[in-house]
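Each chain gets a letter, A, B and so on, in the order the sequences are listed, and its residues count up from 1.
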Protein chains: 2
Amino acid sequence: MSDFSSLRIEHPPSTLREIALEKVRNAIIAGIFQPGQRLVERVLCEQMGVSRTVIREVIRHLESEGLIEVIPNQGPAVARIDWDTARQIYEIRSLLESEAAAACAQSITRSGLEELRMALENLETGTHAENPAAMLDATTAFYKTIFTVAGKHIAWEIVDRLNGRISLLRVLTLGTGERTRTGPKRMRDIYDAIAAREPHEAAAACRKHLREASEIARLILTKPENGPA
Amino acid sequence: MSDFSSLRIEHPPSTLREIALEKVRNAIIAGIFQPGQRLVERVLCEQMGVSRTVIREVIRHLESEGLIEVIPNQGPAVARIDWDTARQIYEIRSLLESEAAAACAQSITRSGLEELRMALENLETGTHAENPAAMLDATTAFYKTIFTVAGKHIAWEIVDRLNGRISLLRVLTLGTGERTRTGPKRMRDIYDAIAAREPHEAAAACRKHLREASEIARLILTKPENGPA
DNA sequence: TTTTGTAATATGGTATACCATAGTATGGTA
DNA sequence: TACCATACTATGGTATACCATATTACAAAA
């Protein structure tokens, strides 16, 4: 059998619904729509130039993702996040990411390692350029590569979704000076452990990274009663 | 401040959408709609007596949950599950459930233990009565209690959702004689370890339970090329 | 001035209508 | 008989219209 994989036609978001889904999700993750903010359907329709049918389906999807919460008798709003929730999310990520990093360290190939290195470089470039969007993309690509190499796409779906909810914190971190500076450093540690094919080291580096991130979130969420944001 | 919590009005599924969501989800989990089966919107509308608007929003929600997959240029269908996916799901559940059981064993109270014992009894009653629905409910209640006591509601949401996808296997297990008989036995092991406040034992019992369940799934999914169901 | 009742408005819930297209059937021609 | 073109049909994508209700604004009465 010949290899037709190169003929595969990508499936870019083609329907209005898929386009709108991406836009609204990105707007929430980027903090353009802030946690707690009401998302009035007709307003979104006008902003995006689509019908309520489309917007409502998008809302249902994001509700199921946990980025939107629907308040009974009131309607949809951007989800809020409190410390208890954030703590649990970091804990779950720590379990899944450390496991994936360990598996990745055992099975990574030369080309996978190259992919990982590129993501890391993009991250470091973005960090120097103070480009938050590029940093986010590079971080996502880095972890996605780890999970893909480890053959754990289900776990990646979960982590990716959890990351969306964690991003609801970002708008708060901008207000404070608490930005994490150590992130890229820790990710290089993870990379080095994987490159050295040291599963135990890789897992430990993941856990350390997330423990630090979690600590920063705790400071933000418990101090000035940012609580339910 | 007085305690008005007893005045709280429960929020039963009130909108047609919420009712339809429950019904369709249950129908998929119960195997009434089989994996791979097309879910034609207008047919569902007629069956449930609601409009397409409602059905489409339900489909979006269940799509995001992974119970429905939408085939481009064709439409929605009940999701199929293959061994690779099932394997990953069992692996993730093993991580999360063992962690929760350990935490539960450390912090459980007398009333929590009582709740757990009742779920276990319901499970054993349902097993003797050959009542699959009751067994499923009791199993869900058992694990939900464990996660709740451990203070891990986010992890519970994830496990609950993964269980929905695993239930896509059930329709296959009915065909074979491979039903698990050891399930209730293993859950009693978990209960005993928690009651004895032995975190390590509880986690080990969880892992053993899931390793067995995973093995049964492997036999079903890899043998007669039930593959993508 | 405060309170209460009523009218107006904002907003989500639901149904329906219309459109585009992929798949299918049908018929005609080589 | 085989193949191709055309018409038809099934089905998802999108927009719009209407309804019910919660909230708000306002006015009148105590």
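Rounded to whole Å, atom C1' of C/dG12 lies 13 Å from atom CG of A/L39. Atom CD1 of B/I55 is separated from atom C1' of C/dG13 by 14 Å (rounded to the nearest Å). At whole-Å resolution of the value, CZ in B/R60 and P in D/dG13 are 6 Å apart. For the pair A/E41 CD and C/dT11 P, the computed distance is 10 Å after rounding to whole Å. The nearest whole Å value for the distance from the CD atom in B/Q74 to the C1' atom in D/dA10 is 12 Å. D/dA15 atom P lies 11 Å from atom CD of A/E57, rounded to whole Å. The nearest whole Å value for the distance from the CD1 atom in A/I59 to the C1' atom in C/dT11 is 11 Å.
For the OP1/OP2 pair of D/dA15 and a distance below 4.0 Å, the side-chain nitrogens and oxygens of A/S51 include at least one atom meeting the criterion. In this structure, A/R17 reaches the D/dG13 phosphate: one of its side-chain N or O atoms is under 4.0 Å from OP1 or OP2. Applying the 4.0 Å criterion to OP1 and OP2 of C/dG13, one finds that A/R52 has every side-chain N and O outside that range.
Under the 4.5 Å side-chain criterion, counting only non-hydrogen atoms from C-beta, B/L168 is in contact with B/I28. With a 4.5 Å cut-off on side-chain heavy atoms, A/T139 and A/M187 count as touching. Residues A/L95 and A/I92 form no side-chain contact, since every pair of their non-hydrogen atoms from C-beta on lies 4.5 Å or further apart.
Within the 4.0 angstrom heavy-atom criterion, only backbone atoms of the sugar-phosphate kind lie near B/V50; the bases stay farther away. Counting any heavy atom pair closer than 4.0 Å across all strands shown, B/I71 reaches no nucleic acid atom.
Base pairing of C/dT21 is made with D/dA10, judged by Watson-Crick or G-U wobble geometry with both donor-acceptor distances under 3.5 Å.
The side chain of A/R56 sits closest to C/dT14 out of D/dA15, D/dG12, C/dT14. Counting only heavy atoms from C-beta on, B/L16 has its side chain closest to C/dT14 among C/dG12, C/dT14, C/dC18. Set against D/dG13, D/dA15, C/dA22, the side chain of B/N73 has C/dA22 as its closest nucleotide.
The aromatic rings of A/H209 and A/Y143 sit parallel to each other, their planes meeting at less than 30°, with 60° as the upper class boundary.
In this structure, the separation between CD1 on A/I68 and CZ on A/F33 is 9.0 Å, given to the nearest 0.5 Å.
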